[in-house]
Structure formats: structure tokens, C-alpha cells
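Since the structure comes first, as C-alpha cells, the remarks are kept for the end.
Everything numeric in this text was worked out from a predicted model, so none of it was measured. What you see below is based on every heavy atom in this structure, not just the backbone, and it leaves out hydrogens, waters and symmetry mates. Letters go in sequence order (proteins before strands), and every chain restarts at 1.
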2 protein chains.
Amino acid sequence: MDNLSKSDVFNGLTNEQYTKIIKTGFPKRLGPKSMLFHQGDPAEKCYLVNQGRLKLSKINEHGKEVIIRYAGAGELTAAVAVLKNGKYPVTAQSIEKTEVIQWDKSTIIDLMHRYPDIAINMLNILLENIDDLQHRYLELCSEHVEQRIARSLLRLMRRAGSKTLNGILIDIPLSRENVADYSGTTLYTVSRTLRSWEKKGWVRSARERITITDPHALVSFAENR
Amino acid sequence: MDNLSKSDVFNGLTNEQYTKIIKTGFPKRLGPKSMLFHQGDPAEKCYLVNQGRLKLSKINEHGKEVIIRYAGAGELTAAVAVLKNGKYPVTAQSIEKTEVIQWDKSTIIDLMHRYPDIAINMLNILLENIDDLQHRYLELCSEHVEQRIARSLLRLMRRAGSKTLNGILIDIPLSRENVADYSGTTLYTVSRTLRSWEKKGWVRSARERITITDPHALVSFAENR
DNA sequence: CGCTCTATTGATAAACCTCAAATACAGTGG
DNA sequence: CCACTGTATTTGAGGTTTATCAATAGAGCG
């Protein structure tokens, strides 16, 4: 269930149908750290991540940022905002070289009519997102910072982990500040925490790269306070 | 937009259609503080609140509760969990004498086929819920406790406020602990905070009843730190 | 090799929780 | 109508967690 929201909106369609659908959209290339859309802007297009990764976040009036989620290849964003004729509820920024495919409103509506599976998949993905957010909301309310950091890393690991010799690398450029914004804390606390875990041999970290060397230890830490 | 999620799943249908639909479900009466369903249970029925109010919350393994939202008359809960053949993601408990109408899976699917508006409305309500939760997530990460309490009260006021001589009464039995669980803090902090606001003339409170006497002051407090 | 961005670390302070104890309140049954 | 009982609320003291600020070190890039 953890990878449903990672899975394609186009589940259940044939490859043929899929390529046909892709052709109805326009590809767009983004450099690293470029803005795709900003919260509050009128939602005119929706985007499918083809390569790379987007950071979806919310920013408050004082500039404090909170990362809602990272969207990787195969994930569709802003579709519902477009359908609702609404505004983007979050800000989307690429974090590395990224290619997205964009559709405008009329096209996506047309696609959904032609391929009803798309709407159903979207609904399911939406539900996963709600679930995830509710979980994180509970964690944010009830757990201590280090615990939340552990859970964040594990969550990111499950969604973007790749096995290496030393452990599981989180395959996202991830600064201390990013982890902080994802866990609801500060970059200083994240730095201290990662350092202490590194000494224990649970993680290894370099500049914007985190490898989890002992997932089991992290899990048990997250669960037993 | 704040009252969309409060609005009926049956928007756009005629009264005739509405009464017909209601008759396909079974009414169920609940006393105050009785459990309707528990998180993790298999989701077999969905419920429409007819009278009264439900508290939807999540509870972690140590018993710490977080209130996701209060569902009042006209609000449907657990529909998507049922459709997905899943488990209830939250716990639902009545907080006063409450009447709900229940449908099982096959009936609700049948209804959605017969009245497509229902599905569309559900989707919209779901989106409002996501939006709300994302907002609160940001607030939880970025704001101080008193600010969050202010926002909680204002949010509850907008959804369940009724005008009285002294101000706007939040028409939900609401203990200090409830407010705490909704704001991500402790009942002690809520108590102190409400006390100090009472001295300033912003709110009046009795046992499980909160009246906001100066909403404007609260709003400005929430926004200007 | 400088410049910029990221990470580390220490010192300090603030925000908030926890625990304990007292008090107020509403409902119940005599 | 009143005493009784179980909650809800208030309040204080003390301690912990975590944020903030400041300063330094390190990494990568042109």
C-alpha cells in the first residue's frame, strides 16, 4: 500500500493507450531547483513527472516551508486542482533535472472521459495521500522530534530508496533543511540527530545524501520512543 | 469554500431523489460518546450524519488521540474506505445524541451509479478535507501553541458556530482536552490560554462550552503571531 | 582559489509539557 | 433539597525538549 501512491495514474491501461495519452500532453524540461507552479496561482495545467522529482510544499506568510511530499516519476500532480477550476494548493519545485508532461484542463477532462480508469486511479491515489497525511499529522502531534525524523527518513527510504553496498540510499538530494521541513523541525536539530545516528552506525550521510545503513534500528527507535 | 466540506453529498439532486436515497439506508441511533467504528476495523458501512455530531480521530499506540475533524449533519464519513474495500483510517465516536444513516458497500455503489453527482460531490468534499489537513499540517509545523489554539477555535466556530447574545457559541461539547487534541497540545496549556483570553474578553467559557466574544481579536492574534 | 551553499557545534533561552493538588461543576439518588 | 461522586478545570512549580543565534568548518563549482 505504500507504493500505490507512487504507482501510475495509468494503471490498467495498455501500453498502446498509454503512449497515445502521453502524446496528448506537452513535455517540459526543468533544471534543478526551478519552480513549476506556486501555491495560490490559478491551476491551469496538471503535470505528470516523467523523469526527476518534484518537491511539493506549502509556505506560510513568514516564509516557513513545510514539505507535503516528494513526487517522483509516474506521479501526477495538480490534476484535481485543475479539475476544480481552483488554485494550486501547494508549491511545486524541481529538485534535480526533471521532465514533466503537462496537460491543460480540457485535455485532461477529455482523457478522463475516454479512459475512466484514470479517474478511478486518481481517486485511489488521493486516498493514499490523505491517509499518509493523517498519519503524519498524528505523528507530528504525538511524537518527539527525533522520532519524527526517523519516520521521515524511513518514509522517504520506502518511496525513493535504492540499495547500495552500504545500505539503502535515499535517492533524493536531501539537505538537512529539507529533512527538517519534512519533519517539522529545524535544520540544526536534524544535523545533530543525524550526527548521533551516524556515530551509532544507523546512517551515513554526505552533502545532501543520506544512506540508511541500519533500517531495523531506525524502525525500532521510531516505534519504541 | 469553508462550508463545502460541510455541505451535502447530495448536492444537485432533487428533494424527491434525496428522500428516495435516504430510504435505501438504515438509520441508527447513538447515545452520547458511543463508538461508531474504530480505526483498523474493516470498513463495511458508510455513514451519513443526520443529527448530532461525530468526532473523527486517530489514536496512536500509546493512547494519544488527535482529532482529525468533527462531522456534523449532512456529512458522510467512511464512504471511500468502504469503496476501497479497506479499513477505517480513523475512529468515529458520537459526542452527543446522534443519528446516522448507514449504507453497506453494494448499496452505496449502486447509488453512485444511479446518481453520478454523488461521486462528484464526494470527490470535492475529499479535496476540501485534504486542503484543510494540509493547512493544519503547515500550522502545526510553523506556529506556536497559542496561535494554533486560536486557529482551532476559529475553525470550529466557522463550522459549528451559532450566534448568541454574548458572541458566537461553538455548538459542540468541547472540553479543554478536546481542544488540545484538535490543536496538538495539552489540556493544561489550553486551559491557561483560554483563561488568559477570557480575562482579555476574547472568549467566554463554561464546562465544555466555548463562546467566542471577540472573533476579530482572535483572528488578528492568530495572524500576527 | 575564492565564492557560495551546506553542515557542524556550542551556548543560551524560550516554549511547552508533566506532575501534583486544589477547586468547580453537573448529575444522581436519597 | 442536599450530600455525594465523578469529571472537568485551574493553577503552580519544575524540568525537558527544542529552537535560536553565532561562529566555524567543509564541499563543490566556476
Item to check | Bend angle of the helix from dC1(C)-dG30(D) to dG30(C)-dC1(D), from helix axes over five pairs at each end, nearest 10° | outcome: 40°
Item to check | Leading and trailing nucleotides of DNA chain C with any atom under 4.0 Å from heavy atoms of chain A | outcome: dC5(C) to dA11(C)
Can you tell me the distance, in whole Å, between the [atom1] atom of [X] and the [atom2] atom of [N]?
X         : N       : atom1 : atom2 : value
Glu177(B) : dT7(D)  : CD    : C1'   : 11 Å
Lys199(B) : dT11(D) : NZ    : C1'   : 10 Å
Glu198(B) : dA8(D)  : CD    : C1'   : 14 Å
Ile149(B) : dT9(D)  : CD1   : P     : 13 Å
Glu146(A) : dA19(D) : CD    : P     : 11 Å

Checklist entry - Honestly, is Arg136(B) close enough over Tyr182(B), meaning NZ or CZ under 6.0 Å from the six-membered ring centre and within 45° of the axis? => result yes
Checklist entry - Taking only residues two or more places apart in sequence or in another chain, which ones pass side chain to side chain donor-acceptor pair (under 3.5 Å) with Thr77(B)? => result none
Checklist entry - Heavy atoms under 4.0 Å, any strand shown: does Ser191(B) hit a base, just sugar-phosphate, or nothing? => result base
Checklist entry - Looking across every strand, which nucleic acid part, if any, lies under 4.0 Å from Lys33(B) by heavy atom: base, sugar-phosphate, or nothing? => result sugar-phosphate
Checklist entry - Among side-chain atoms of Thr193(A) and Ser196(A), is any donor-acceptor pair under 3.5 angstrom? => result no
Can you see if the side chain of [X] gets near the phosphate of [N] - specifically, an N or O under 4.0 Å from OP1 or OP2?
X         : N       : result
Thr189(A) : dA19(D) : yes
Thr186(A) : dA19(D) : yes
Thr185(A) : dA19(D) : yes
Arg192(B) : dT11(D) : no

With a cut-off of 3.5 Å and sequence neighbours excluded, list every side-chain donor-acceptor pair involving residues 203-212 of chain A.
| unit_1 | atom_1 | unit_2 | atom_2 | d |
| --- | --- | --- | --- | --- |
| Ser205(A) | OG | Arg176(A) | NH2 | 2.9 |
| Ser205(A) | OG | Glu198(A) | OE1 | 3.1 |

Quick one: does any side-chain atom of [X] pair with a main-chain N or O of [Y] as donor and acceptor, under 3.5 Å?
X         : Y         : value
Arg148(A) : Glu139(A) : no
Thr164(A) : Asn166(A) : yes
Lys58(A)  : Pro89(A)  : yes
Ser57(A)  : Glu65(A)  : no

Item to check | Those residues that, when tested against Ser94(A), pass side-chain contact (heavy atoms from CB on, under 4.5 Å) (two or more places apart) | outcome: Leu30(A), Ser34(A), Leu54(A), Thr98(A)
Next on the checklist: Could you tell me if the side chain of Leu56(A) sits less than 4.5 Å from the side chain of Thr91(A), heavy atoms only?
Outcome noted: no
Checklist entry - Between Phe37(B) and Tyr47(B), how do the two ring planes meet: parallel, tilted or perpendicular, split at 30° and 60°? => result parallel
Item to check | Per-nucleotide protein contact string for nucleotides 23-30 of chain D, where B marks a base within reach and S marks sugar-phosphate only (heavy atoms under 4.0 Å, - for neither) | outcome: ---BBS--
